There are 2 protein chains.
Amino acid sequence: MTTRNEKSRVSSQDIYNQLKDMILSFELYPGSRVTETELAARFQVSRTPVREALQRLEMDGCLVIRPKQGCFIRDVDIIELTQYYDVRIALEMHSLRGACLQMPDKELEQLAAQWDPDSQKGRSDVVDTMVDLEESFHITLAAGSGNDVLVKYLEDINNRIRIIRRLDFTEKARLDRTYRDHFEIVQYLLQRDLEGAQLKMRQHILKSAEFAKNLTLTQLAQKRRLRPA
Amino acid sequence: MTTRNEKSRVSSQDIYNQLKDMILSFELYPGSRVTETELAARFQVSRTPVREALQRLEMDGCLVIRPKQGCFIRDVDIIELTQYYDVRIALEMHSLRGACLQMPDKELEQLAAQWDPDSQKGRSDVVDTMVDLEESFHITLAAGSGNDVLVKYLEDINNRIRIIRRLDFTEKARLDRTYRDHFEIVQYLLQRDLEGAQLKMRQHILKSAEFAKNLTLTQLAQKRRLRPA
DNA sequence: GCCACGGTTTATGTATGCAACGTTGCATTA
DNA sequence: TAATGCAACGTTGCATACATAAACCGTGGC
């Protein structure tokens with residue numbers, strides 16, 4: 001019964017999601033410390049649901065809970081990010097193999113239509129939307145391989161690198177290239193050319209990886225100032 | 001100050017670990033339902049730490065929490081297990097690539113000595129110990145690739161398939177074969193023969209996967225018959 | 001005999017109080 | 001002046017109490 005806020009109840013789940021967004025959007029800056037009491041006050045709930053959300057976020061790797069000390073937003077570790085990209089490449093190569101063998105032409109054609117560089121349909125310049133679309137492309141391919149576990153791990157990796165990925169679509173050039181890359185990959189798959197698809201995919205991901213590698217923390221701080229909304 | 005039990009306090013972490021063990025050892029049988037109150041009573045603590053442990057276990061995929069209904073131990077899904085093995089192969093292939101390129105001879109020779117089929121040193125017939133040793137072999141190779149993230153994911157996969165893996169070392173034949181496989185893989189790596197190592201490793205894991213698949217079916221059938229319902 | 005409805009039960013979800021532990025700052029001493 | 005000890009504070013960790021919602025069971029009506 002919050003008198004000033006009729007947005008009804010805020011559940012533990014909501015807090016988890018909101019906190020995750022805040023971390024990924026640098027609203028909670030890496031390295032900073034948050035306390036349960038502070039967050040509880042901010043969300044107008046007790047410490048209990050906040051606590052649960054924080055523990056889930058710790059398992060997500062978004063923050064670290066040091067016993068009796070507090071929660072610290074996890075730093076962005078460039079080396080670790082590179083390793084995530086490395087694993088991602090290995091998994092996406094595997095994903096392509098499965099998709100190439102099992103994914104029906106019909107689904108691939110749908111995907112191709114969606115990423116046709118000449119068609120502006122479904123195109124968005126909202127960064128968050130683009131990140132979602134980009135992820136869904138890769139996830140769709142993984143799903144096409146028929147291996148749900150593979151999908152799960154790729155989603156997990158996406159969670160970790162999303163903090164960078166959303167900085168990846170601030171330039172239109174990168175955006176255009178993404179459309180072209182995706183389209184070409186699907187074309188290779190339609191021809192059942194695994195080698196070609198894998199080569200293209202590897203380049204595509206490596207491009208992102210390099211972008212991430214060259215990022216510095218100061219750049220991250222600058223990007224953060226661009227998001228006061 | 002528990003009068004009858006001087007093992008002092010049981011923390012949320014302890015409960016998490018114990019519950020995980022109980023699930024992996026079928027003490028809490030898949031499909032069965034557990035309540036917070038029941039576990040709290042069993043561990044002689046309040047619901048709070050139990051709740052935290054359960055939420056972590058849900059994120060681990062060990063159980064499912066249905067809101068306002070209860071916690072259900074996750075079923076062992078044969079198809080899912082197969083998918084875990086599939087992903088594992090992809091990652092271990094990648095792991096070998098890194099190890100072949102970067103792991104120094106000295107470390108590899110240590111590993112070889114440890115798994116020399118002719119040496120009985122460090123050999124154990126305790127199933128749990130063997131599972132630990134087997135896992136540490138694969139993890140050591142992954143660590144040798146220098147990619148900590150890769151290690152993390154392989155450990156996660158190990159967590160999922162351990163429930164099966166521990167059934168894998170009940171026959172001496174399987175045990176001997178494991179020693180031979182591991183030894184040969186390291187030999188390939190010492191010769192920096194990536195292809196050979198990968199081929200052997202793939203066979204090694206596939207053998208486990210098949211073994212697990214068959215064993216699980218019979219195992220589950222037996223367990224099912226024991227169920228009162 | 002079967003279906004619908006409502007009270008009761010039971011388990012989760014949340015709030016709050018208390019204790020333990022780590023940290024920090026200051027005072028005291030060598 | 002620097003180092004050490006102590007005390008006060010703040011935060012987490014756990015326990016307990018209350019709120020809520022789903023499920024179950026029994027009863028009554030059709």
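From a predicted model like this one, the values you see are computed outputs, not experimental measurements. Chain letters run A, B, ... following the sequence lines, proteins first and then strands; every chain starts at 1. Because only heavy atoms are used, hydrogens play no part in the values below, and waters and symmetry mates are left out as well, while side chains stay in.
In this structure, A:R33 reaches the sugar-phosphate backbone alone: every heavy-atom distance under 4.0 Å involves primed, P, OP1 or OP2 atoms, never a base. At the heavy-atom level, B:T35 lies under 4.0 Å from the strands shown only through sugar-phosphate atoms. As judged by a 4.0 angstrom heavy-atom cut-off over every strand, B:V50 is placed among residues making no nucleic acid contact.
When each of B:G70 and B:T48 is assigned the nucleotide of DNA chain C bearing its nearest heavy atom, the one mapping closer to the 5' terminus is B:G70. A residue-by-residue look at A:Q13 and A:R47 shows that A:Q13 has its nearest nucleotide of DNA chain C further toward the 5' end.
Here C:dG13 presents its C1' atom at 8 Å from CD of A:E52, a figure rounded to the nearest Å. Counting to the nearest Å, the C1' atom of C:dT14 and the OH atom of A:Y16 are 20 Å from each other.
Between A:Q69 and C:dT23 there is a side-chain polar atom (N or O) within less than 4.0 angstrom of OP1 or OP2.
The cationic atom of A:R160 (NZ for Lys, CZ for Arg) does not lie both less than 6.0 Å from the six-membered ring centre of A:Y84 and within 45° of the ring axis.
Comparing C:dC21, C:dT12, C:dT14 against the side chain of A:K68 picks out C:dC21 as the nearest. Of the candidates C:dT16, C:dT12, D:dC14, C:dT12 carries the atom nearest the B:R51 side chain, counting heavy atoms from C-beta on.
The closest donor-acceptor contact from the side chain of B:R74 to the backbone of B:G61 lies under 3.5 Å.
Remark: B:R42 engages B:E38 in a salt bridge, criterion side-chain N to carboxylate O under 4.0 Å.
One finds the NZ atom of A:K20 at 10.5 Å from the CG atom of A:L63 (value rounded to the nearest 0.5 Å).
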